[in-house]
2 protein chains.
Amino acid sequence: MDKKITIYDLAKALGVSAGTVSRSLNNHRSISDKTKQRVIAKANELGYQTNKFAVNLSTQKSNTIGVIVPKLNSIFMSDVLAGIEKTVNEAGYNLIISQSLEMMEKEKLNAKTLYNSGVDALLVSLAYDTNDFDHFAYYIRHNIPLIFLDRVHNLPNCSTIIINNKQAGFEATEHLIEQGCKNLLCISGNLKRNVYSERLMGFKEALAKHQMKFKKSNCLETELDPNDVPKVINYIKNQKQAIDGLFVASDTFAAHCIKALKKEHFRIPEDIKIIGFNNDPISELVTPPLSTINYPGYEMGVLAGQSVISQLNGSLDLQPANSITLRHQLIIRESTHI
Amino acid sequence: MDKKITIYDLAKALGVSAGTVSRSLNNHRSISDKTKQRVIAKANELGYQTNKFAVNLSTQKSNTIGVIVPKLNSIFMSDVLAGIEKTVNEAGYNLIISQSLEMMEKEKLNAKTLYNSGVDALLVSLAYDTNDFDHFAYYIRHNIPLIFLDRVHNLPNCSTIIINNKQAGFEATEHLIEQGCKNLLCISGNLKRNVYSERLMGFKEALAKHQMKFKKSNCLETELDPNDVPKVINYIKNQKQAIDGLFVASDTFAAHCIKALKKEHFRIPEDIKIIGFNNDPISELVTPPLSTINYPGYEMGVLAGQSVISQLNGSLDLQPANSITLRHQLIIRESTHI
DNA sequence: TTTTATTACGCAACCGATTGCGTAAAAAAA
DNA sequence: TTTTTTTACGCAATCGGTTGCGTAATAAAA
């Protein structure tokens with residue numbers, strides 16, 4: 001009953017050609033204002049809606065941007081996504097979001113699907129175990145903008161958006177040292193990922209600067225999963241020299257550690273000082289409030305969005321792959337400071 | 001250099017018709033196995049990739065599902081989205097996600113855009129201020145599955161996926177009463193939204209059941225924003241009869257309240273017992289751990305996903321609009337229990 | 001061997017826009 | 001008034017698949 005109406009219907013109803021209708025609707029200059037008005041009026045009257053499928057086919061563009069993230073449901077990632085969505089949406093693009101669930105195979109599949117879906121650009125934050133990058137070859141070969149964020153990899157002609165994890169790790173660690181910590185432990189995430197390995201580098205550098213030797217026992221690699229907490233607690237309790245400072249690569253995990261340590265009657269910050277990472281909402285709500293590094297997810301998303309849009313519009317400037325580094329910030333709260 | 005190759009290229013290379021190629025690739029029964037093999041082999045050899053734009057145009061389907069949520073970056077919503085994404089992705093659909101940012105106008109815009117983009121179905125969680133629903137009329141008229149979740153509205157032929165907020169509110173409140181609270185305060189979100197108004201109904205019902213009269217002062221409507229905390233604290237301090245039980249419509253906000261109340265030297269749970277809502281990760285990490293109602297976001301997403309998929313596949317059964325209600329669960333922790 | 005039923009594929013219309021090229025009509029210049 | 005330049009549109013090809021219908025070739029039945 002509610003037949004879809006096309007430009008041909010409009011053309012027939014107005015006694016003009018379909019081309020004229022199309023140009024009128026797109027405000028093409030070679031159509032007189034009078035005709036444009038007539039077409040637009042009739043379009044409204046009949047409730048015309050453009051068929052994106054046809055537009056896409058004929059222009060070979062989808063007005064759609066693909067995103068692949070490890071997991072949608074993390075505070076940080078959802079902030080990033082919110083920023084991306086807002087930005088690209090204002091520019092008239094839709095966002096197709098998919099999760100790799102930290103599996104390279106899924107990431108590959110998603111990359112392929114999105115390619116076939118004809119996304120105009122792709123934003124990626126890599127899975128833990130991604131170690132080859134052939135699945136991005138299509139994009140590069142066909143000049144489809146490809147941007148990495150947070151969990152990145154350097155590929156020719158691809159922008160990356162990151163924060164300076166090494167520097168942030170350095171500052172967090174140095175802060176602990178300045179608060180008087182003598183024996184630090186870095187509780188890291190998977191070291192295959194740049195974000196965590198770089199933070200560890202900063203950690204080491206801070207130790208070095210303050211004439212503290214880094215030993216293997218100063219770092220514990222975990223999955224940052226609540227289930228790992230007992231392992232961490234045992235590790236801490238079994239060190240011959242008592243650990244008095246903790247640099248944890250995630251606020252939520254740090255919060256879990258705080259809870260478990262308090263149960264073991266560690267006093268925070270008196271016995272052991274703790275600093276987290278990310279500035280999740282949780283960090284200011286635990287007791288004691290958690291010192292941390294502010295890691296601006298939303299801003300990162302906005303920036304990523306702006307970056308794609310500008311690449312998509314300024315099609316001419318084959319700008320050399322640029323890397324944007326966001327500003328982070330040390331936030332001192334009571335978990336490291338009496 | 002890297003020319004896109006089409007079914008016509010394959011057809012020419014193999015000396016068959018384009019139709020045969022198409023049918024071979026789609027494993028149509030009217031093509032012999034031998035020919036299918038040849039086509040597939042050649043397709044791989046030449047690196048053929050199907051052009052979704054063309055497929056979409058000719059089938060008038062996009063294999064894409066639209067989602068409109070108020071905000072991407074909330075714990076609960078990102079859980080929901082993660083569940084949806086996983087489910088529909090396994091069924092071969094892509095997900096276009098957009099945010100209304102709690103504004104009906106944006107919601108309308110998104111609904112229209114997604115319609116024009118040709119989504120095969122739409123999942124919606126409503127904005128705060130949505131009070132008319134014309135923007136969903138297209139979907140209903142054109143028989144595009146439309147499913148509401150969490151923040152819902154009853155429209156003909158639309159499924160809804162919810163939890164029993166009223167019952168949950170009732171249980172949370174009754175729990176406080178059973179713990180000995182005499183003067184309760186419900187800190188609600190915007191009462192125009194069903195989720196909050198229903199919880200309040202449950203709150204009232206529990207009072208009634210226990211012969212406690214509900215007065216207007218027993219409910220405080222807020223935006224559940226951290227900025228509202230001082231208002232809440234003042235409100236509590238200024239009651240002539242001391243409040244000894246708090247039912248807060250969000251865990252994060254409850255956590256903020258706990259922090260502020262502790263600063264005011266209220267003892268929790270001795271002076272005042274608090275129960276939240278959602279079972280956010282934060283709830284078990286604050287001090288004291290927060291009693292709450294488990295509100296299964298991820299499961300809700302999965303269910304929503306399954307619901308769309310089944311509607312999309314079983315195209316025949318014009319199933320009467322059905323409403324799925326998920327099971328919630330009272331979780332008792334130390335904020336209500338000594 | 002002839003007739004009937006299957007199988008395997010080709011033909012061409014169709015989905016609904018976009019766009020380069022050509023031209024009649026109107027406006028400007030000669 | 002005639003010629004030249006603009007303006008405003010129409011025509012038809014194109015994007016790359018899908019699919020109903022028709023038929024030659026092969027297999028099964030008579």
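Each chain gets a letter, A, B and so on, in the order the sequences are listed, and its residues count up from 1. As the structure is a computational prediction, the values presented were derived from the model and not from experiment. Side chains included, hydrogens not; waters and symmetry mates left out as well; all remaining heavy atoms used.
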Asks: Among residues at least two apart in sequence or on other chains, which ones pass side-chain contact (heavy atoms from CB on, under 4.5 Å) with B/N154?
Replies: B/T160
Asks: Using atom CZ of B/R38 as one end and atom C1' of C/dC9 as the other, report the distance to the nearest whole Å.
Replies: 12 Å
Asks: Measure CG/B/L46 against P/D/dG16 and give the value in whole Å, please.
Replies: 15 Å
Asks: Taking NZ, NE, NH1 and NH2 as the nitrogens, is one of them in A/R151 or A/E102 under 4.0 Å from a carboxylate oxygen of the other?
Replies: yes
Asks: Sugar-phosphate atoms are those with a prime plus P, OP1 and OP2; base atoms are the rest. Using that split, label each nucleotide of nucleotides 15-22 of chain C B, S or - for protein heavy atoms under 4.0 Å, 5' to 3'.
Replies: BBBBBB--
Asks: Are any side-chain N or O atoms of B/D79 and backbone N or O atoms of A/N73, one a donor and one an acceptor, separated by less than 3.5 Å?
Replies: no
Asks: More than 12 heavy atoms of other residues, nucleotides or ligands under 6.0 Å from NZ of B/K108: is that the case?
Replies: yes
Asks: So which protein nitrogen or oxygen atoms get under 3.5 Å of nucleotides 6-8 of chain D's nitrogens or oxygens?
Replies:
none

Asks: Less than 4.5 Å apart, any side-chain heavy atom of B/N56 and any of B/K61?
Replies: no
Asks: CG/B/L303 to OG1/B/T87 distance, rounded to the nearest 0.5 angstrom?
Replies: 8.5 Å
Asks: How is B/V16 classified with respect to the nucleic acid when contacts are heavy atoms under 4.0 Å: base, sugar-phosphate, or nothing?
Replies: sugar-phosphate
Asks: Using only atom types and a distance under 3.5 Å, with no angle test, would you say the side chain of B/D120 pairs donor to acceptor with the backbone of B/N63?
Replies: yes
Asks: Could you go through A/H135 and A/Y115, starting from their C-alpha distance and side-chain angles, then the distance that decides it, and tell me whether this counts as side-chain hydrogen bond (donor to acceptor under 3.5 Å, both in side chains)?
Replies: CA-CA 10 Å; A/H135 45 308; A/Y115 177 79; over 6 Å; no
